[in-house]
Amino acid sequence: MGNYEIQQGAEPFYFKGNKIGVLVLHGFTGSTQSMRYLGEQLASEGYTVCGPRLKGHGTHYEDMEQSTYEEWIESVEEGYQWLNERCDTLFITGLSMGGTLTLYLASKHPEVKGIMPINAAIDLPDLEQMRGKTEPRFLDAIGSDIKAEGVEELAYEKTPTKSIQEILKLVEITRKDLSNIKMPALIFKSIEDHVVPPENSTTIYEEIASTNKEVIELDDSYHVATLDHDKAFIAEKCKAFMKELLKV
């Protein structure tokens, strides 16, 4: 642990509800603030919701610099276990690297009922050029790619180059195992995204083995769609997707 306090709004969140659980995962350099609205919307349906804070996130970027992709996986596995102890049926949703972690967990936990990745990353050409580099130590931020006026994502103003090496490893191992994913998938893709190329969502759709899968295009949001114009639309689609699967 660094000596940094958790930023206000970046705390993990838990909503206790029924026996249906939803794990809600934030992205690289971001915080739980980007996922809280979606978490609250799902909790309003009576579901039990867990929004873990990824190790090194929501504090200071120097803290993030010390964390590894294995620790980010550990952070989401802990959230998964918390839900597993309380629920019979689990769903996972996540934004950006949270979507990558959604796919990673789905490939390891075939019991998951359904997944809802949002602008998930499995190929990051812009970051690839930093592969193997240590300098500069920090780059300018990638956070807050939002179309809606006056909306800010609670995210770091700098990205540690060391952390870029970690996300590159995570996307690589996640992509390799996409064909292990067989549960229903609702894949959200912003048509205009300045962080994760929209083709990522198309590739995910093509490479997962699920028979029940769909790509939903978001016309009015940039990368951080869960805080953008389409946030209510995303929440409604997730609720409908879950209801449909719970009927069976």
Side-chain angles (χ1 to χ4, degrees), residues 1 6-7 9-28 30-59 63-64 67-118 120 166 170 173-174 177-178 180-186 208-210 212 226 234-235 237-248:
M1 285 301 290
I6 297 179
Q7 295 170 298
E11 307 85 1
F13 57 80
Y14 305 91
F15 301 110
K16 290 189 178 160
N18 59 24
K19 291 287 187 190
I20 294 144
V22 197
L23 188 62
V24 179
L25 306 176
H26 74 78
F28 182 70
S31 70
T32 54
Q33 173 255 5
S34 65
M35 298 305 285
R36 187 174 281 270
Y37 171 82
L38 181 55
E40 287 168 351
Q41 287 295 310
L42 295 167
S44 75
E45 297 289 312
Y47 304 133
T48 295
V49 175
C50 173
R53 177 178 70 89
L54 300 182
K55 183 87 190 280
H57 286 70
T59 52
D63 208 8
M64 180 179 180
S67 62
T68 63
Y69 82 90
E70 291 96 338
E71 289 176 317
W72 303 336
I73 289 171
E74 217 170 279
S75 304
V76 299
E77 283 283 6
E78 278 170 19
Y80 186 86
Q81 293 315 325
W82 185 88
L83 283 170
N84 215 9
E85 285 159 20
R86 290 163 177 79
C87 302
D88 305 328
T89 308
L90 295 188
F91 289 85
I92 311 176
T93 183
L95 170 72
S96 191
M97 184 176 83
T100 313
L101 288 162
T102 297
L103 297 164
Y104 176 87
L105 287 176
S107 72
K108 303 278 179 255
H109 294 282
E111 69 279 9
V112 170
K113 187 82 170 163
I115 56 170
M116 303 160 282
I118 304 158
E166 297 300 317
L170 178 66
I173 61 166
T174 301
D177 287 343
L178 286 178
N180 294 345
I181 298 175
K182 300 184 170 70
M183 72 283 291
L186 189 66
I208 61 176
S210 315
N212 176 352
T226 49
I234 293 170
K237 286 286 183 191
C238 287
K239 290 176 191 176
F241 172 74
M242 289 176 63
K243 280 201 180 112
E244 192 56 41
L245 290 176
L246 292 164
K247 268 199 252 174
V248 182

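The figures that follow rest on heavy atoms only: side chains count, while hydrogens, waters and symmetry mates do not.
Nearest heavy atoms, Phe13 versus Thr32: CE2-O, 3.6 Å. Nearest heavy-atom pair, Met183 versus Val112, reported as atom, atom and distance to 0.1 Å: CB-O, 3.4 Å. The shortest heavy-atom contact between Ser44 and Gln41 is OG-O, 2.5 Å. Closest heavy-atom contact between Ser34 and Ser31: OG-O, 3.0 Å. Leu23 approaches Pro52 most closely through the heavy-atom pair CD1-CD, 3.8 Å. Closest heavy-atom contact between Gly27 and Ser96: CA-CB, 4.4 Å.
Taking the six-membered ring where the residue is Trp, Trp82 and Tyr14 present tilted rings, their angle falling between 30° and 60°.
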Walk me through whether Tyr47 and Leu246 qualify under side-chain contact (heavy atoms from CB on, under 4.5 Å). CA-CA 12 Å; Tyr47 304 133; Leu246 292 164; 3.7 Å; yes
Are Glu11 and Arg53 close enough, and set up right, to give a side-chain contact (heavy atoms from CB on, under 4.5 Å), and what steps lead you there? CA-CA 7 Å; Glu11 307 85 1; Arg53 177 178 70 89; over 6 Å; no
Show the numbers, then the answer: is there a side-chain contact (heavy atoms from CB on, under 4.5 Å) between Asn84 and Leu90? CA-CA 7 Å; Asn84 215 9; Leu90 295 188; 3.9 Å; yes
Show your working on side-chain contact (heavy atoms from CB on, under 4.5 Å) between Glu166 and Met97 and close with a plain yes or no. CA-CA 11 Å; Glu166 297 300 317; Met97 184 176 83; over 6 Å; no
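One finds the CG atom of Leu42 at 10.0 Å from the OH atom of Tyr37 (value rounded to the nearest 0.5 Å). Between the OG1 atom of Thr174 and the CG atom of Leu178 there is a distance of 7.5 Å, given to the nearest 0.5 Å. Remark: Lys182 NZ to Asn180 CG distance equals 5.5 Å, nearest 0.5 Å. How far CG of Leu186 is from CD1 of Ile118: 9.0 Å, rounded to the nearest 0.5 Å. Note that OG1 of Thr48 and CD of Glu85 are 12.5 Å apart. Values are rounded to the nearest 0.5 Å. How far CH2 of Trp72 is from CG of Leu170: 7.5 Å, rounded to the nearest 0.5 Å.
For the side-chain contact (heavy atoms from CB on, under 4.5 Å) test with Phe91, the passing option among Ile115, Ile20, Leu83 is Ile20; the others fail. Between Tyr104 and the choices Ile92, Leu25, Ile173, Asp177, the side-chain contact (heavy atoms from CB on, under 4.5 Å) rule is met once, by Ile173.
At a threshold of 4.5 Å between non-hydrogen side-chain atoms, the residues Ile181 and Leu103 count as touching. Contact of the His57 side chain with the His26 side chain is registered, since non-hydrogen atoms from C-beta on lie closer than 4.5 Å. Inter-residue side-chain proximity for Thr93 and Thr102 is flagged as unmet; no heavy-atom pair is nearer than 4.5 Å.
When the salt bridge (charged side-chain N to carboxylate O under 4.0 Å, His left out) test is applied to Glu45, the partners found at least two apart in sequence or on another chain are Lys239, Lys243.
Taking the ring centre of Phe241 as origin, the terminal cationic atom of Lys237 falls outside the region bounded by 6.0 Å and 45° from the ring axis.
Heavy atoms of other residues, nucleotides or ligands lying less than 6.0 angstrom from NZ of Lys16 number 12 at most.
Using a distance-only test at 3.5 Å, with no hydrogens or angles considered, a donor-acceptor pair links the side chain of Glu71 to the main chain of Thr68. At distances below 3.5 Å, at least one donor-acceptor pair connects side-chain atoms of Asn18 with backbone N or O atoms of Gly46.
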